[in-house]
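Quick caveat: nothing in here was measured; it's all calculated off a predicted structure. So that the names make sense, note that chain A is the first sequence line, chain B the second, and so on, each numbered from 1.
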Amino acid sequence: MDSFRQAVYRATAQIPSGKVATYGQIARLAGRPKAARAVGQFMAKNNDPKHIPCHRVVGSTGALTGYAFDGVLMKRKKLLDEGVVFKGTRVDLDQSCWNR
DNA sequence: CAATTGACGTAGT
DNA sequence: CACTACGCCAATT
């Protein structure tokens, strides 16, 4: 069970509340720095939504890629409640980027 | 097995 | 700062 998928699962599950990680960051921790796309694929397929806080995974610019556009706004509020700092429609990675 | 797709990232314009 | 083009990876068809 050491698939890349499992590594991504592990990395994503480690994201602490109030912080967010980028696909690239997760991909890097999973051992495939350039597999950001693949990471998104795993979230999209959502193999384990009950244990993977996909809403804490954002793009390198802090944009909440994925989810329905309306859903993004809802998730934004939820992340704000956890302590994630938003800058407009994007996450303020300067303060809320995981591992920083 | 080959081609297409998709929640990305970086660099160039 | 916004948009475009190219490259990368794994899953699905």
Exercise for the section: Flag the pair A:Glu82 and A:Arg56 as a salt bridge only when some basic side-chain nitrogen lies within less than 4.0 angstrom of an acidic carboxylate oxygen. Expected result: yes
Handout entry: Separation of atom CD1 in A:Ile26 from atom P in C:dC8, rounded to whole Å
Key = 21 Å
Problem - Between B:dG9 (P) and A:Leu93 (CG): distance, integer Å - result: 10 Å
Fill in the blank from the handout: ring pair (Phe, Tyr, Trp, His ring centres under 6.0 Å) filter on A:Phe4, not counting sequence neighbours, yields A:Phe42
Problem - Any residue meeting ring pair (Phe, Tyr, Trp, His ring centres under 6.0 Å) with A:Tyr23, in chain and number order, not counting sequence neighbours - result: none
Exercise for the section: Do nucleotides 1-7 of chain B as a string where each nucleotide becomes B, S or -: B if the base has a protein heavy atom under 4.0 Å, S if just the sugar-phosphate does, - if no protein is that close. Expected result: -----BB
Handout entry: Residues which pass side-chain contact (heavy atoms from CB on, under 4.5 Å) with A:Arg10, listed by chain and number, not counting sequence neighbours
Key = A:Gln14
Fill in the blank from the handout: Here the distance between atom P of C:dA10 and atom CZ of A:Arg32, to the nearest Å, is 6 Å
Tell me which donor-acceptor pairs under 3.5 Å the side chains of residues 91-100 of chain A have, and how far apart each pair is, sequence neighbours excluded?
| residue | atom | partner | partner atom | Å |
| --- | --- | --- | --- | --- |
| A:Asp92 | OD1 | A:Asp94 | N | 3.1 |
| A:Asp92 | OD2 | A:Gln95 | NE2 | 2.8 |
| A:Ser96 | OG | A:Val85 | N | 2.8 |
| A:Arg100 | NH1 | A:Asp94 | O | 2.3 |

Exercise for the section: With sequence neighbours excluded, tell me which residues meet side-chain contact (heavy atoms from CB on, under 4.5 Å) with A:Ala63. Expected result: A:Thr61, A:Arg90
Exercise for the section: Could you check whether A:Arg90 gets within reach of a base, just the sugar-phosphate, or nothing at all, counting any heavy atom under 4.0 Å? Expected result: sugar-phosphate
